[in-house]
Amino acid sequence: MIAKTTIGRSFKGCCAYNMQKVELGQGQVLMSQGVRDYDLNPMVADFTRQAKMNPELTRSVWHTAISFDPQDEARLQLKPELMKEVASEYLKGMGLDQSQYVVIQHQDTAHSHFHIIANRVASNGQSISDSHNYNRSEKLLREIEQKHSLTLMKEQGYRLRLEHVPERDRHRLEMRNEVRQSLERSTTSAELKADLAQRGIEVVVNRDQAGKARGLSFERVSQNDNGEDVKVAFKGSKLHQSLSLGHIQEQLLENGHKRALELSQQRELAKVQELTMSSQNEEKQRKKGRGLSM
């Protein structure tokens with residue numbers, strides 16, 4: 001994802017641009033807090049009224065536009081609530097959830113994106129800091145991308161460097177990158193298939209005449225350089241030797257052992273914490289009992 005933030009003085013201009021998209025049917029209000037989101041003038045009045053609680057803060061308009069990578073369009077179609085989840089986590093991570101805001105999705109471009117208009121004067125009258133907002137925003141976006149398995153910014157740059165690579169080789173490298181990522185966070189074949197399905201990639205098991213699994217193929221519908229839909233398919237071993245059936249099975253097993261160990265350690269820690277709390281409670285009860293007997 002890519003975010004662009006501006007800090008301004010006028011709510012009217014920023015709100016007017018975004019609400020015009022809604023009125024023209026080119027956008028929709030995804031969520032809001034503390035403002036009347038159905039009409040421009042009441043919305044501006046609500047933002048302005050709260051901004052007056054802190055007149056020393058002259059630039060009280062926070063405006064961020066967040067764009068998704070084209071690779072994530074399939075995810076957004078399969079999971080419509082994903083955009084709201086991303087917006088909510090961004091608002092909270094930047095401290096904007098403590099104030100008024102409106103989130104508006106634009107639908108007039110090929111790539112999905114939304115705009116956040118927020119008040120830097122929080123509901124308690126305190127200022128919401130814009131210090132180092134670029135670095136904080138970039139760090140937060142990378143965390144959100146990881147959490148929701150969205151295309152990482154570094155991968156966007158990676159694909160841009162592949163623009164002049166022959167089309168089929170480009171598809172091969174892109175798919176190899178995505179399969180590797182899914183494999184890193186999966187512990188079973190079912191998890192791997194589900195994770196890749198969210199990216200529009202189907203896992204096909206290749207079997208011999210006896211029905212025994214002999215290999216894996218990965219398929220997806222992509223677009224060629226003319227913008228036409230084409231089916232792209234590669235055997236795992238042709239993507240990379242580490243993505244053959246045998247190697248994938250070994251990696252899933254190793255991931256499963258690691259996760260089981262982590263869960264075991266978490267359970268042990270929980271037991272220790274429970275025992276500690278129980279011991280502390282018993283001690284409190286003993287002290288309370290001694291106090292009553294006096």
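Along the sequence shown, the residues carry numbers beginning at 1.
Gln33 places a side-chain N or O within 3.5 Å of a backbone atom of Asp97 that can act as its donor or acceptor partner. Between the Asn255 side chain and the Ser186 main chain, a donor and an acceptor come within less than 3.5 Å of each other. In terms of modelled atom types and a separation under 3.5 Å, the side chain of His247 and the main chain of Gln241 share a donor-acceptor contact. Formation of a donor-acceptor pair under 3.5 Å by the His148 side chain with backbone atoms of Leu150 is not found in this model. One N or O on the side chain of Glu73 and one on the backbone of Ser112 form a donor-acceptor pair closer than 3.5 Å. Side chain of Gln50 to main chain of Val121: a donor-acceptor pair is present (N/O by atom type, distance under 3.5 Å, no hydrogens or angles). Within the 3.5 Å criterion, the main-chain N or O of Gly34 finds a donor-acceptor partner in the side chain of Gln100.
Hydrophobic cluster membership differs between Tyr134 and Ile128, with clusters built from Ile, Leu, Val, Met, Phe, Trp and Tyr side chains linked at under 4.5 angstrom. Under the 4.5 Å side-chain contact rule for hydrophobic residues, Ile117 and Val29 share a cluster. Neither Phe114 nor Val22 shares a network with the other; the hydrophobic side chains, linked directly or stepwise wherever heavy atoms of I, L, V, M, F, W or Y lie under 4.5 Å apart, form separate groups for each. At a threshold of 4.5 Å between side-chain heavy atoms, the hydrophobic network of Ile, Leu, Val, Met, Phe, Trp and Tyr places Met53 and Val35 in two separate groups. A single hydrophobic cluster is not seen to contain both Ile116 and Val61; linkage of ILVMFWY side chains at heavy-atom distances under 4.5 Å, directly or through other members, places them apart.
Other residues, nucleotides and ligands contribute only 12 or fewer heavy atoms inside 6.0 Å of the NZ atom of Lys139.
Between Arg180 and His240, the closest side-chain pair of non-hydrogen atoms falls below 4.5 Å. Taking 4.5 Å as the limit, some side-chain heavy atom of Ser149 sits within range of a side-chain heavy atom of Asp195. Side-chain contact between Leu239 and Met175 is present, with at least one heavy-atom pair separated by less than 4.5 Å.
Closest heavy-atom contact between Ser137 and Tyr90: OG-OH, 2.8 Å. Closest heavy-atom contact between Leu78 and Ala197: CD1-O, 3.9 Å. The two residues Ser129 and Arg136 make their nearest non-hydrogen contact at O-NH2, 3.1 Å. Summarising the geometry of Leu252 relative to Ser189, their closest heavy-atom pair is CD1-N, 3.7 Å, with the distance given to 0.1 Å. Nearest heavy-atom pair, Ala87 versus Met31, reported as atom, atom and distance to 0.1 Å: CB-SD, 4.0 Å.
Every residue meeting the side-chain contact (heavy atoms from CB on, under 4.5 Å) condition with Ser127, not counting sequence neighbours, appears here in chain and number order: Asn54, Leu57. Residues satisfying the ring-ring contact (aromatic ring centres under 6.0 Å, His included) test with Tyr17, not counting sequence neighbours, are His106. Every residue two or more places apart in sequence or in another chain that forms a side-chain contact (heavy atoms from CB on, under 4.5 Å) with Lys193 is listed here: Val203, Val205. The salt bridge (charged side-chain N to carboxylate O under 4.0 Å, His left out) search around Lys235 returns none, not counting sequence neighbours. Under the side-chain contact (heavy atoms from CB on, under 4.5 Å) criterion, Thr276 pairs with Val272, Gln280, sequence neighbours left out. By the side-chain contact (heavy atoms from CB on, under 4.5 Å) test, Gln28 is found to be paired with Leu30, Gln105, Gln107, residues two or more places apart in sequence or in another chain being considered.
Sorted by first and then second residue, the salt bridge (Lys or Arg N to Asp or Glu O under 4.0 Å) pairs involving residues 8-35 (not counting sequence neighbours) are Lys21-Asp108. Listed by first and then second residue, the salt bridge (Lys or Arg N to Asp or Glu O under 4.0 Å) pairs that reach into residues 111-121 are Arg120-Asp130, sequence neighbours excluded. The salt bridge (Lys or Arg N to Asp or Glu O under 4.0 Å) contacts involving residues 240-265 comprise Glu191-Arg259, Glu254-Lys258, where partners must be two or more places apart or lie in separate chains.
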Next item on the list: Could you please spell out the steps behind the salt bridge (Lys or Arg N to Asp or Glu O under 4.0 Å) verdict for Glu81 and Lys84?
Entry: CA-CA 5 Å; Glu81 66 273 17; Lys84 284 186 179 180; over 6 Å; no
Margin query: Would Val230 and Val232 count as a side chain to side chain contact (heavy atoms under 4.5 Å, CB included) here? Give the steps.
Written below: CA-CA 6 Å; Val230 293; Val232 180; 4.2 Å; yes
Notebook entry, point to check: Which is it for Phe68 and Ile2 under the side chain to side chain contact (heavy atoms under 4.5 Å, CB included) test, yes or no, and what are the steps along the way?
Noted result: CA-CA 7 Å; Phe68 291 83; Ile2 299 174; over 6 Å; no
Next item on the list: May I have the step-by-step check of side chain to side chain contact (heavy atoms under 4.5 Å, CB included) for Met1 and Ile144, ending in yes or no?
Entry: CA-CA 9 Å; Met1 295 180 291; Ile144 294 174; 3.8 Å; yes
Check: Yes or no on side chain to side chain contact (heavy atoms under 4.5 Å, CB included) for Trp62 and Asn119, after CA distance, side-chain angles and deciding distance?
Finding: CA-CA 6 Å; Trp62 182 301; Asn119 200 334; over 6 Å; no
Would you give me the side-chain donor-acceptor pairs under 3.5 Å for residues 210-217, sequence neighbours excluded?
from: Arg214; atom 1: NE; to: Asp208; atom 2: OD2; distance (Å): 2.9
from: Arg214; atom 1: NH2; to: Asp208; atom 2: OD2; distance (Å): 3.2
from: Ser217; atom 1: OG; to: Asn206; atom 2: ND2; distance (Å): 2.9

Please set out all donor-acceptor pairs under 3.5 angstrom arising from side-chain atoms of residues 39-49, sequence neighbours excluded.
from: Asp46; atom 1: OD1; to: Arg36; atom 2: NE; distance (Å): 3.4
from: Asp46; atom 1: OD1; to: Arg36; atom 2: NH2; distance (Å): 2.9
from: Asp46; atom 1: OD1; to: Arg49; atom 2: NH1; distance (Å): 3.1
from: Asp46; atom 1: OD2; to: Arg36; atom 2: N; distance (Å): 2.8
from: Asp46; atom 1: OD2; to: Arg36; atom 2: NE; distance (Å): 3.0
from: Thr48; atom 1: OG1; to: Val44; atom 2: O; distance (Å): 2.8

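Taking CG of Asn133 as the reference point, atom CE of Met94 lies at 5.5 Å (rounded to 0.5 Å). Interatomic distance, Gln77 CD to Asp72 CG, rounded to the nearest 0.5 Å: 12.0 Å. Tyr101 OH to Leu96 CG: the interatomic distance, rounded to the nearest 0.5 Å, is 9.5 Å. Rounding to the nearest 0.5 Å places SG of Cys15 at 11.0 Å from CG of Asp37. Put simply, CD on Gln98 and OG on Ser123 are 7.5 Å apart, with the number rounded to the nearest 0.5 Å. Distance check: Arg75 CZ to Met83 CE gives 12.0 Å after rounding to the nearest 0.5 Å.
Looking at Glu274 and Lys271, no side-chain N of the basic residue comes within less than 4.0 Å of a carboxylate O on the acidic one, giving no salt bridge. With salt bridges taken as basic N to acidic carboxylate O contacts below 4.0 Å, none links Glu202 and Arg220. Look at Lys147 and Glu143 and you find no salt bridge, because none of the NZ, NE, NH1 or NH2 atoms lies under 4.0 Å from a carboxylate O.
Of the N and O atoms on the side chains of Glu178 and Gln71, at least one donor lies less than 3.5 Å from an acceptor on the other residue. The closest side-chain donor-acceptor pair between Thr5 and Thr64 falls under 3.5 angstrom.
Residues near Leu253 contribute nothing to a hydrophobic cluster around it, because no ILVMFWY side-chain heavy atom sits closer than 4.5 Å to its side chain.
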